[in-house]
**Student:** 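One structure follows; several queries about it will come next.
Computed from a predicted model, the values in this text were never measured in an experiment. Chain identifiers are assigned alphabetically (A, B, ...) following the order of the sequence lines, protein sequences preceding nucleic acid strands; residue numbering begins at 1 within each chain.
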Amino acid sequence: MTTRVRFAPSPTGYLHIGSARTALFNYLYAKHVGGKFLLRIEDTDLARSTDESTRSILEGLAWLGFSPDEEIVYQSNNADKHRAAALKLLEEGKAYRDFTPKAEPSDKNIKATIAKRARQNQGEKSMRDNPFRDLSKEESAAKAAAGEPFAIRLKIAEVGKTSFEDAVYGLQERDYEEIEDLVLLRSDGHPLYNLAVVCDDIEMEITDVIRGQDHLTNTHKQILIYEALSIKPPRFAHLPLILAPGGKKLSKRIHGEIVSMTTYRDHGFLAAAFRNFLALMGWSAGEEKEIYTLDELTEKFSLEGIHRNPAIFNFDANNPKRWTDDKAIWMNAEYIRTMPLAELLPFVKAELKSAKLWRDEYDDDDKVWFEKTVDLIRERFFTLKDFSAQGRAYFSEDFDFEPAAIDKNLKKFPDLQTWLPELAERFESVEDFTHDPIHEVVVNFAEEKGAKLGQIMNGARALLTGLAVGPSMLAVFETLGKEKSIMRLKSQIAWNS
RNA sequence: GAGGACGUAGGCAAAUCGGUGAUGCCGCCAGACUUUCAAUCUGGAAAUUGCGGGUUCGAGUCCCGUCGCCCUCACCA
């Protein structure tokens with residue numbers, strides 16, 4: 001039997017970082033064993049699901065490069081089948097009609113309400129004391145025929161326990177006493193999550209369910225549904241959660257866009273780098289290696305390498321430099337400076353285009369220059385955004401001067417205001433404007449003025465790039481070329497800023 | 001409240017059947033590169049493996065307890 005796994009997000013927000021990792025692991029597992037990776041949108045809850053979320057999730061997955069091997073399944077399209085399954089169980093006496101009037105949810109603090117109720121019922125009520133549980137078939141049918149609204153609940157046996165072997169967490173057992181007769185179908189005929197998931201997984205012939213640990217205890221309920229339906233449950237593998245700094249829950253509401261996949265795309269992350277980072281959250285190949293290509297991940301991935309302890313995703317909302325996990329940023333930088341240049345170029349091109357810095361000559365006449373320049377500046381860049389931000393001066397005359405750079409490297413040495421234009425004059429006579437000749441000119445110039453070489457170089461850097469840091473100035477002069485170097489050295493704009 | 005998980009340096013991880021000074025990466029600190037650095041190179045600090053017991057010649061690895069943290073418990077998904 002071929003392995004079939006699915007990633008099943010509910011479209012109530014964008015693609016969450018934890019969901020993205022779940023998708024990754026599903027994808028890797030499927031590819032590792034030569035199975036199929038499927039996608040199902042769990043939009044059963046029409047009130048909360050939005051098309052925009054679906055779009056955002058699809059976008060996030062597309063960015064990460066996980067395309068499903070079969071058509072996307074929309075759970076809402078299967079509602080009739082879910083209903084039929086509930087009715088079948090009712091017919092077989094494995095479920096019953098519950099005529100208890102539906103309680104209006106207090107909505108606000110629903111979790112707290114549940115916990116509170118559980119505390120109060122503690123030891124008092126049995127999970128099986130529903131008065132309608134043992135209503136005779138005739139009585140139940142009569143009430144229904146009379147138009148009384150009812151929900152359909154699964155009839156769970158009085159004694160016994162469910163158990164399954166989780167591929168990550170091992171043997172899981174739960175006593176029936178602890179499981180309520182769960183609602184399968186709402187009184188308005190709407191199928192509920194657990195029923196829908198089980199029915200769809202059966203329909204899609206899913207062999208392995210790989211999902212977040214938050215579903216671990218709910219799995220028992222689903223197993224009960226499988227058993228009622230007389231279908232063998234799939235294998236389950238639950239993934240440790242990804243937590244916020246301090247071990248707290250990572251939530252969209254509290255942490256905002258930091259948890260959204262599209263944020264990383266929009267902030268200049270390479271999908272390959274982020275995938276790599278995500279793969280190391282909760283999984284390891286058991287070796288001292290950090291950088292893996294998708295193929296390597298696919299080859300090495302196994303459920304056995306998944307950890308049981310939750311991982312913390314680090315970030316500091318108040319620190320622009322640490323807006324997201326350090327290691328993720330480092331990983332991205334590592335990819336930017338070490339990946340084959342040819343693979344990086346299209347990304348840089350797209351970035352420059354979106355910043356309106358792209359010129360078509362970069363693809364023909366200035367191709368060599370463009371490639372050389374990208375190769376030079378990528379060395380100390382962290383995200384694709386840096387090419388249009390810190391790298392702006394390489395592609396446009398319209399760039400900003402960083403105040404700190406101007407103060408520290410320029411205004412602190414007033415002599416530079418006349419020296420640098422003077423240096424520009426010397427450049428005029430340099431025929432071969434390359435490393436060695438430029439070096440000679442600058443060294444002689446500094447000596448003549450009795451200045452330290454660094455003083456001249458750093459001042460020039462501030463004027464030519466607007467920044468205090470960057471590649472070796474000789475490389476910058478050469479890259480920018482004679483004409484621009486001279487022009488910028490003479491410019492007084494920075495001095496007047 | 002009940003049930004279920006988890007707990008190796010600030011973070012992510014490693015450590016075959018329990019067996020040398022607990023390993024790698026990120027981050028941090030320092031030195032070098034005497035042209036910068038959120039680059040590169042080199043070095044360093046940082047963990048009584050949550051805590052307390054127990055088993056053992058020997059425990060991060062097994063057992064018990066304790067604390068912490070997370071998850072689930074809905075006519076949400």
**Student:** Would the number of heavy atoms belonging to other residues, nucleotides or ligands and lying under 6.0 Å from CG of A:D51 be above 12?
**Tutor:**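 No, the 6.0 Å shell around CG holds no more than 12 heavy atoms from other groups.
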**Student:** Assign A:G470 to base, sugar-phosphate, or nothing according to its heavy-atom contacts below 4.0 angstrom with the strands shown.
**Tutor:**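 Base contact - A:G470 has a heavy atom under 4.0 Å of at least one base atom.
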**Student:** If I take atom CD in residue A:E177 and atom C1' in nucleotide B:rC73, what distance separates them, rounded to the nearest angstrom?
**Tutor:**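 Taking CD of A:E177 and C1' of B:rC73, I get 15 Å after rounding.
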**Student:** Please report the distance, rounded to the nearest Å, between CG in A:D214 and C1' in B:rC71.
**Tutor:**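 Distance check: A:D214 CG to B:rC71 C1' gives 7 Å.
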**Student:** Can a side chain N or O of A:S284 be found less than 4.0 Å away from OP1 or OP2 on B:rA14?
**Tutor:**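 Checking B:rA14 against A:S284, a side-chain N or O does come within under 4.0 Å of OP1 or OP2.
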**Student:** For A:Y292 and B:rA14, what is the distance between atoms OH and P respectively, to the nearest whole Å?
**Tutor:**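 Nearest whole value for this atom pair: 10 Å.
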**Student:** Can you tell me if CD on A:E52 sees more than 12 non-hydrogen neighbours from other groups inside 6.0 Å?
**Tutor:**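 No, the 6.0 Å shell around CD holds no more than 12 heavy atoms from other groups.
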**Student:** Donor-acceptor check, side chain of A:H16 to backbone of A:G18, threshold 3.5 angstrom: yes or no?
**Tutor:**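 Here the side-chain-to-backbone pair exists.
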**Student:** In terms of the nearest nucleotide of RNA chain B, which residue is placed more toward the 5' end: A:M473 or A:A151?
**Tutor:**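 Result: A:M473.
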**Student:** Identify which nucleotide among B:rA13, B:rC75, B:rG11 has an atom closest to any side-chain atom of A:I312, counting heavy atoms from C-beta outward.
**Tutor:**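 Nearest nucleotide to the side chain: B:rG11.
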**Student:** Produce a footprint string for nucleotides 21-29 of chain B: one letter per nucleotide, 5' end first; B if the base is under 4.0 Å from any protein heavy atom, S if only the sugar-phosphate is, - if neither.
**Tutor:** --BBBSSS-
**Student:** Measure from NE2 on A:H16 to P on B:rA77 and round the result to the nearest Å.
**Tutor:**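 After rounding, the gap between these two atoms is 19 Å.
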**Student:** Show the numbers, then the answer: is there a ring pair (Phe, Tyr, Trp, His ring centres under 6.0 Å) between A:F427 and A:F477?
**Tutor:** CA-CA 10 Å; A:F427 279 174; A:F477 281 133; 5.1 Å; yes
**Student:** For a quick check, with a 4.0 angstrom heavy-atom cut-off, what is the B/S/- contact string for nucleotides 3-8 of chain B, read 5' to 3'?
**Tutor:** BSSSS-
**Student:** Over how many whole Å does the gap from A:F7 atom CZ to B:rA77 atom C1' extend?
**Tutor:**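 Those two atoms, CZ and C1', are 13 Å apart.
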**Student:** A:K452 side chain N/O closer than 4.0 Å to the phosphate oxygens (OP1, OP2) of B:rU34?
**Tutor:**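 No.
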**Student:** Taking A:G481's backbone N and O only, do any of them form a donor-acceptor pair with A:S485's side chain (distance below 3.5 Å, no angle check)?
**Tutor:**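 Yes: the side chain of A:S485 pairs with the backbone of A:G481.
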**Student:** A:P471 near the nucleic acid: base, sugar-phosphate alone, or nothing, with a heavy-atom cut-off under 4.0 Å?
**Tutor:**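 The answer is base, as A:P471 lies within the cut-off (heavy atoms under 4.0 Å) of a base atom.
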**Student:** On the six-membered ring of A:Y292, is A:K289 placed so that its NZ or CZ lies under 6.0 angstrom from the centre and within 45° of the ring axis?
**Tutor:**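 Yes, A:K289 sits over the ring of A:Y292.
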**Student:** Counting runs of three or more consecutive pairs, Watson-Crick or G-U wobble, with each distance below 3.5 Å, where are the stems of RNA chain B?
**Tutor:**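 Counting only runs of 3 or more consecutive pairs, the stems involving RNA chain B are B:1-4 with B:70-73, B:10-13 with B:23-26, B:28-32 with B:40-44, B:50-54 with B:62-66.
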**Student:** Is the distance from the ring center of A:F382 to that of A:W323 below 6.0 Å?
**Tutor:**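 A:F382 vs A:W323: aromatic centres not under 6.0 Å.
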**Student:** Where each residue is assigned the nucleotide of RNA chain B containing its nearest heavy atom, which of A:S10 and A:G246 is assigned the position nearer the 5′ end?
**Tutor:**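 Of the two residues, A:G246 wins.
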**Student:** Taking the six-membered ring of A:Y335 (Phe, Tyr or Trp), confirm whether the NZ or CZ of A:R337 is under 6.0 Å from its centre and within 45° of its axis.
**Tutor:**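 Judged by the rule (NZ or CZ under 6.0 Å from the ring centre, within 45° of its axis), A:R337 is not positioned above A:Y335.
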**Student:** Quick one: does any side-chain atom of A:R153 pair with a main-chain N or O of A:L182 as donor and acceptor, under 3.5 Å?
**Tutor:**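 No, the answer is negative, given that no donor and acceptor are paired below the 3.5 Å cut-off.
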**Student:** Take A:F164 and A:H220, measure what ring pair (Phe, Tyr, Trp, His ring centres under 6.0 Å) needs, and give me the verdict at the end.
**Tutor:** CA-CA 8 Å; A:F164 66 96; A:H220 294 283; 5.1 Å; yes
**Student:** Could you give the NZ-to-C1' distance, from A:K102 to B:rC75, as a whole number of Å?
**Tutor:**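 Atom NZ in A:K102 sits about 5 Å away from atom C1' in B:rC75.
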**Student:** I need the NE2-C1' distance between A:H307 and B:rG11, as an integer number of Å.
**Tutor:**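 Interatomic distance, NE2 of A:H307 to C1' of B:rG11: 14 Å.
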**Student:** Specify the separation, in whole Å, of atom CD1 of A:I242 and atom P of B:rC70.
**Tutor:**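 Distance check: A:I242 CD1 to B:rC70 P gives 16 Å.
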**Student:** Mind checking if A:E180 touches a base, just sugar-phosphate, or nothing, with heavy atoms under 4.0 Å?
**Tutor:**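 Answer is sugar-phosphate: A:E180 comes under 4.0 Å of backbone atoms only.
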**Student:** With a 4.0 Å limit, can you tell me whether A:H215 has a side-chain N or O closer than that to the phosphate oxygens OP1/OP2 of B:rU72?
**Tutor:**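 So the side-chain polar atoms of A:H215 never come under 4.0 Å of the phosphate oxygens OP1 or OP2 of B:rU72.
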**Student:** Is the terminal nitrogen or CZ of A:R392 (NZ for Lys, CZ for Arg) located under 6.0 angstrom from the six-membered ring centre of A:F399 and within 45° of that ring's axis?
**Tutor:**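 Not flagged: A:R392 not positioned over aromatic ring of A:F399.
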**Student:** Quick check: closest heavy atoms across A:M281 and A:A311, and the distance to 0.1 Å?
**Tutor:**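 The pair with the smallest heavy-atom distance is SD-CB, 4.0 Å.
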